[in-house]
Structures are given as C-alpha cells and as structure tokens.
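Worksheet for the structure shown next.
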Number of protein chains: 2
Amino acid sequence: MKKERNRLRSHCPVNFGLESFGDRWSLLILRDIIFRGKRTYGEFLKSEEGFATNILASRLEHLIDACILQREVHEDGRKDVYLLTEKGLDLIPLIFEIVLWSAKYDSKSEAKRIARLVELIRKDNRKISQKVMEKVRRGEAIVTEYLD
Amino acid sequence: MKKERNRLRSHCPVNFGLESFGDRWSLLILRDIIFRGKRTYGEFLKSEEGFATNILASRLEHLIDACILQREVHEDGRKDVYLLTEKGLDLIPLIFEIVLWSAKYDSKSEAKRIARLVELIRKDNRKISQKVMEKVRRGEAIVTEYLD
DNA sequence: AAAATTGCTTGCAAATTGCAAGTAACAATG
DNA sequence: CATTGTTACTTGCAATTTGCAAGCAATTTT
C-alpha cells in the first residue's frame, strides 16, 4: 500500500521543493501549525478549506516521509502530535514570502489582520523568520501576537 | 468550457498563493521562464519533467487568468510568447526561497551548479531578486550568468 | 503548391480526489 | 468494569483530473 517515493522527476531545486511540499494541501498543514498552533489530526480537519480525511492522512504521511514533520504520542493516548522538524521549520521564510505576495495582490487578503507581521517580513524576512522558528519550536502559535 | 474561477476556498494568504500558482506544474513554467529564458509553448514542452500537452495549455491559461503571465504574438505568427507580468515577476523572491531550501536539503541538488546565485540569495534575497527581475524583464535568462 | 511546424483540442484509460461510512484503540463515565 | 464517546485513521465508490496518443487549423518554409 506504500507509495513509490524518492522517484523524483528531477533534481532541479524548484522541482525538488514542489515534490516535497508543493501540492494543494501540504502547505496548508504547515500554515495551521505555524500560524494557528495546531498539532493534531482533528485540529487540521477543522480548517476552513476542508480536508478530506484520507487526503489529510496521506499528506501527513508524505510530509513525515519527507522529514518535514515528525509524529509523536500525545499525553492523551488517542491523539498523535505532529511537529515540524528543523527541515520543516526552514520552510517558514518561504511561507512568509507567499504571505507577502498574497498581501500585495489579494485585495481581500486576511493578511490585513496581521499587518505588523507582514511589515516585519517585508523589512527582513530572515530575521523575523528566525524569531518565529523559535516560537514554533516552543510550541507557540504566532497569529495572536501579531494581530493588530 | 471555461473553468470556474475566483472561487477561492479562503482568503488566507497562504491559500491564495496556493490557488494562484500552487500546483505541480505552474511553478515549473515560471522556473523555465526565469532560469532558462523559455517563452513559447514548444519550449516549455521540452522540459525534462515532461508536461502533458493539455496540462501545459490549461496551466498557461490559468496563469494568464491569474495575471501572472501575459500572452503576446511572436514575430513567427505560429508561435505565442508568454511573458511574466509584474505580478509574476514578484514571485521571484519566493521561487528563490524554494531554491535555497532545496539547495540545503537535497544532497543531489542541481543548485550546486548555481552556487554563486544561491549564495547571493542567502545573503540578500531581495537585492538579487531585484536584479534578476530587471534581467527577466529584458528577456534574459539567468542560469548562464551564474554557472560556476 | 506541398510539406513542416506550432499551438493547441479531443478521446479515453488510469490515477487521484472527495465524500460517506466504517473500525480499532484508547479515554471518560456511571 | 461495562458502556459510551473520541480520535485517528481506512475503505468503498463516484466524480474529477491527469497523462498519453492522435488529431487539426493556422502559419511558415521549401
């Protein structure tokens, strides 16, 4: 039942990124972790974009295979905890560039609600990413802090 | 025959980006334009990742609808020219972040062949992106210049 | 005028997705 | 300690999307 992995179409760096996390759902999982502090299957399932249960499961597995996420046991034994690895945390600058671009071009963007963060990204993405990586490592979400 | 557009799942900035360019093929088209100076349907078709003809056509249409690409007539009337709009050029910093991440985590990455560019991105993505945007506007590809 | 080239479209099989309905493992409750 | 609820999945299937091979119309080349 395992899917074929490591069968990259190419080692072009753009393609490598796309095959690692470049489908419609994977980055939404990472967004939920980084911005909203989500950690469990059930929490991801509640996202407004509406994951199908099987798709969510397959994407979590894919991200674990790619060493972007790691799974741990929750204190409540029924739940699993999904955490970003260092490799996953290193995607924060990239996700922030997406936020910046969308903030510029989507007139209805909810990025307006995190205008302070967007401004920090524009000024120095690396610097704010570093701070956010530390926050996420500590298990904190970032949205609340930067709400205007 | 037209697809339903502007039916966004949400205005979350991450989601907006994904719906604009976040499928397996769209960013490869942009890569071909930015790194390899490609401009026509036939040139895209030759990419090593192997576009299916209908998928390539549908993605070009999607990117035009999203105002990321614009189509113009080639001097050879059989061909069309696909160019990045300013909105499309603004994706360069994001694509460069993908390159940076893949250069770090793919041991076989072809990013090694553009090590100088990768180093410039690491030092100051905005600055080098600005330079590259001007190059691409002028219709030049960037790969050759930065080959070691 | 005939032959190539180019940018598509079409048809169809195969793969992927999305939804609804399970199920197994554990936790909480009476 | 038996029952009920939760949680994280899996399974079955219909609908959509993809990938490949074959067109085809509008040029351009010969």
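As the structure is a computational prediction, the values presented were derived from the model and not from experiment. Chain letters run A, B, ... following the sequence lines, proteins first, then strands; residues in each count from 1.
A straight line from CZ of B:R59 to P of C:dC8 spans 15 Å, rounded to a whole angstrom. B:H74 has its NE2 atom 8 Å from the P atom of C:dG7, to the nearest Å. When rounded to the nearest whole Å, the span between CD1 of B:I55 and P of C:dT16 equals 13 Å. Between B:K79 atom NZ and C:dC8 atom P there is a gap of 13 Å when expressed in whole angstrom units. Rounded to whole Å, atom C1' of D:dT18 lies 11 Å from atom CZ of A:R9. Across the protein-nucleic acid pair, B:D80 atom CG and C:dT6 atom P stand 13 Å apart, rounded to whole Å.
A ring-centre distance under 6.0 Å is not found for A:F44 and A:W25.
Note that CD1 of A:I33 is 10.5 Å distant from CG of A:L91, once rounded to the nearest 0.5 Å.
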Below 3.5 Å between N/O atoms, which protein atoms pair up with nucleotides 26-30 of chain D? Just atom names and distances, please.
residue, atom, partner, partner atom, Å
D:dT28, OP1, B:G77, N, 2.8
D:dT28, O4', B:R78, NE, 3.4

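Counting only heavy atoms from C-beta outward, the side chains of A:F96 and A:V118 never approach each other to under 4.5 Å.
The existence of a salt bridge linking A:R31 and A:E49 is confirmed by a sub-4.0 Å separation between a basic side-chain nitrogen and an acidic carboxylate oxygen. Salt-bridge formation is not detected for the pair A:E119/A:R116: no Lys NZ or Arg NE/NH1/NH2 atom is positioned less than 4.0 Å from an Asp or Glu carboxylate oxygen. With salt bridges taken as basic N to acidic carboxylate O contacts below 4.0 Å, none links B:K108 and B:D106.
Between B:R71 and C:dC8 there is a side-chain N or O to OP1 or OP2 distance below 4.0 Å.
Residues A:L18 and B:D23 come closest through the heavy atom pair CD2-O, 4.4 Å.
Listed for the A:E110 side chain is no donor-acceptor partner under 3.5 Å among the backbone atoms of B:P13.
Residues from residues 18-54 of chain B that place a heavy atom under 4.0 Å from any atom of DNA chain C, listed by number: B:T40, B:Y41, B:G42, B:T53, B:N54.
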